[in-house]
Amino acid sequence: MMASAGTSLYFVSDIHLGAPDAASSLQRERALIQWLDTVSTDAKAIYIIGDLFDFWFEYKHVIPKGFVRLQAKIAQLTDAGIDIHFFKGNHDMWAFQYFQEELGVQLHAHEHVFDAEGKRFFVHHGDGLGPGDYKYKFLKAFFRSRLCIWLFARLHPNFGIGLARFFSGSSRKSGTAKDRIYKGKENEWLYVFAQELEAKHHHDYYIFGHRHLPLDLSLKNARYVNTGEWLSAFTFARFRQQELELLHWNAGQILPFDGTRSH
């Protein structure tokens with residue numbers, strides 16, 4: 001396989017395919033495929049930073065049905081030499097070997113740190129980082145444990161996937177209103193996490209999803225960027241020629257994102 005001739009890096013997250021219903025998910029799937037077709041013309045790598053699906057669990061011989069168009073597109077791009085990185089989010093943390101073996105993606109359970117064009121990147125979905133939220137941090141550790149995965153795998157897919165999708169939808173809906181509120185840097189827990197990590201180890205860019213609010217905030221000698229979501233904002237980040245910017249996908253076009261908060 002030949003490496004891609006592209007030079008740009010793309011970052012996208014929180015598409016939540018499967019929510020809130022099949023019809024809207026199909027529209028977002030088609031939009032994402034169109035976006036992938038467009039960015040593949042100059043992409044060296046594409047980073048899907050978690051919550052691509054609103055729920056995902058891989059049984060040994062079964063995966064959730066649906067979204068085969070997207071899976072085929074991802075396989076086509078990796079076959080063409082474009083690196084695609086998939087990060088486990090809080091809604092699709094039970095991704096295991098399927099994406100690697102069948103689609104050729106690189107799977108990340110935690111952060112991924114790398115250098116590009118002389119810049120250092122710290123990339124993570126964002127869940128469980130920063131101060132507070134101890135209840136979720138405990139649940140995350142349990143949900144990712146071998147015991148929990150083994151127990152869930154004992155459930156029949158018709159029951160297990162249906163049950164998990166119900167709770168996944170309830171969890172996402174409970175945070176929808178709060179996701180749109182920006183209360184300043186000091187209350188952005190991922191910004192606080194990046195600030196504390198930057199004091200110990202320098203990275204030029206901290207890129208997260210999970211927050212569902214597109215953000216571009218300055219740190220001392222660094223930047224924190226949140227890629228937002230694709231339920232309504234359709235935002236993403238692009239790095240090329242040593243410049244990282246938040247952008248917006250609209251009607252088949254890449255446009256500047258005017259709603260970003262940059263301080």
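Just so it is clear, the model here is predicted, and its values are computed rather than measured. FYI, the numbering just counts along the sequence from 1.
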Next on the checklist: For F121 and F239, I'd like to know if the aromatic rings sit close, meaning centre-to-centre distance below 6.0 Å.
Outcome noted: yes

Checklist entry - Would you call E188 and R211 a salt bridge, taking side-chain N to carboxylate O under 4.0 Å as the test? => result yes

Item to check | Check: E117 side chain, K119 main-chain N or O, donor-acceptor pair, under 3.5 Å | outcome: no

Next on the checklist: Within the 3.5 Å criterion, strictly below it, is a donor on D42 or Y10 matched to an acceptor on the partner's side chain?
Outcome noted: yes

Checklist entry - So, for W230 and F236, is the gap between ring centers shorter than 6.0 Å? => result no

Checklist entry - Are a donor atom and an acceptor atom from the side chains of H210 and D127 found within less than 3.5 Å of each other? => result no

Next on the checklist: Quick check: closest heavy atoms across V225 and L244, and the distance to 0.1 Å?
Outcome noted: CG2-CD2, 3.7 Å

Checklist entry - Between L247 and F257, is a side chain to side chain contact (heavy atoms under 4.5 Å, CB included) present by the stated rule, with each step listed? => result CA-CA 5 Å; L247 299 166; F257 179 62; 5.5 Å; no

Next on the checklist: Are more than 12 heavy atoms, taken from residues, nucleotides or ligands other than H110, located less than 6.0 Å from that residue's NE2 atom?
Outcome noted: no

Item to check | Test side chain to side chain contact (heavy atoms under 4.5 Å, CB included) applied to I15 and D51, step by step | outcome: CA-CA 6 Å; I15 294 92; D51 287 358; over 6 Å; no

Checklist entry - Under a single-linkage definition using a 4.5 Å side-chain heavy-atom cutoff for Ile, Leu, Val, Met, Phe, Trp and Tyr, are I74 and L26 assigned to the same hydrophobic cluster? => result no

Next on the checklist: For H248, is there any backbone N or O sitting under 3.5 Å from a side-chain donor or acceptor partner on T235?
Outcome noted: no

Checklist entry - Under the ring-ring contact (aromatic ring centres under 6.0 Å, His included) criterion, do F11 and F208 qualify, and how do the steps go? => result CA-CA 9 Å; F11 305 86; F208 302 98; over 10 Å; no

Next on the checklist: So does R69 get a backbone contact from the side chain of R30, meaning a donor-acceptor N/O pair under 3.5 Å?
Outcome noted: no

Next on the checklist: Between S25 and G18 (side chain of the first, backbone of the second, donor and acceptor by atom type, cut-off under 3.5 Å), is there such a pair?
Outcome noted: yes

Checklist entry - Just by modelled atom types, is the Q97 backbone N or O under 3.5 Å from a matching donor or acceptor in the E58 side chain? => result yes

Checklist entry - Between the side chains of D37 and S40, is a donor N or O closer than 3.5 angstrom to an acceptor N or O? => result no

Checklist entry - Do you know which of H202, H203, H108 makes ring-ring contact (aromatic ring centres under 6.0 Å, His included) with F122? => result H203

Checklist entry - Around R154, counting heavy atoms of other residues, nucleotides and ligands shown, do more than 12 lie under 6.0 Å from its CZ? => result yes

Checklist outcome for this item: Correct closest heavy-atom pair for W189 and L129 would be CD1-O, 3.1 Å

Checklist entry - Is there a donor-acceptor contact under 3.5 Å from the side chain of E29 to the main chain of L17? => result no

Item to check | Common cluster, I254/L32, ILVMFWY with side-chain heavy-atom separation under 4.5 Å | outcome: yes

Item to check | Any donor-acceptor pair under 3.5 Å from D92 side chain to F55 backbone | outcome: no

Next on the checklist: Would the distance check show the side chain of Q27 and the main-chain N or O of A31 forming a donor-acceptor pair, the cut-off being under 3.5 Å?
Outcome noted: no

Item to check | Residues D216, R223: salt bridge by 4.0 Å N-O rule | outcome: yes

Checklist entry - Quick one: do I33 and F86 end up in the same hydrophobic cluster if we chain Ile, Leu, Val, Met, Phe, Trp and Tyr together by side-chain heavy atoms under 4.5 Å apart? => result yes

Next on the checklist: Over 60° means perpendicular and under 30° means parallel, so tell me whether F57 and W94 are parallel, tilted or perpendicular.
Outcome noted: perpendicular

Item to check | Neighbour count above 12 (heavy atom, 6.0 Å) for K44 NZ | outcome: no

Next on the checklist: So for atom CD, which belongs to Q241, do other residues, nucleotides or ligands contribute more than 12 heavy atoms lying within a distance under 6.0 Å?
Outcome noted: no

Checklist entry - So W56 and F99, would you call those rings parallel, tilted or perpendicular, with 30° and 60° as cut-offs? => result tilted

Item to check | Electrostatic pair D115-R120, nearest N-O below 4.0 angstrom | outcome: yes

Checklist outcome for this item: In this structure, CG of L219 is separated from CD of E196 (nearest 0.5 Å) by 11.0 Å

Next on the checklist: side chain to side chain contact (heavy atoms under 4.5 Å, CB included), that's the test. Do L147 and L151 meet it? Break it down for me.
Outcome noted: CA-CA 6 Å; L147 174 61; L151 289 172; 3.9 Å; yes

Item to check | Audit row: K88, L107, side chain to side chain contact (heavy atoms under 4.5 Å, CB included) steps and yes/no | outcome: CA-CA 8 Å; K88 295 184 180 185; L107 187 65; 3.9 Å; yes

Next on the checklist: Check for me, please, whether M93 and L139 land in the same ILVMFWY cluster - side-chain distances under 4.5 Å, paths through other members count.
Outcome noted: yes

Next on the checklist: Checking side-chain polar atoms at under 3.5 Å, does E198 have a donor or acceptor matched by the opposite partner on Y206?
Outcome noted: yes

Checklist entry - So, does Y191 use its side chain to make a donor-acceptor pair with the main chain of S218 at under 3.5 Å? => result yes

Checklist entry - Can F87 and H125 be said to form a ring-ring contact (aromatic ring centres under 6.0 Å, His included), step by step? => result CA-CA 6 Å; F87 290 70; H125 177 61; 8.9 Å; no

Next on the checklist: Between Y98 and Q71, do the side chains contain a donor N or O and an acceptor N or O under 3.5 Å apart?
Outcome noted: yes

Checklist entry - So, the side chain of E229 versus the backbone of S232: is there a donor-acceptor pair under 3.5 Å, distance only? => result yes

Next on the checklist: To check you understand the geometry: which heavy-atom pair defines the closest contact between S24 and A19, and what is its length?
Outcome noted: OG-O, 3.9 Å

Next on the checklist: For a quick check under 3.5 Å, do H112 and H124 share a side-chain donor-acceptor pair by atom type?
Outcome noted: no

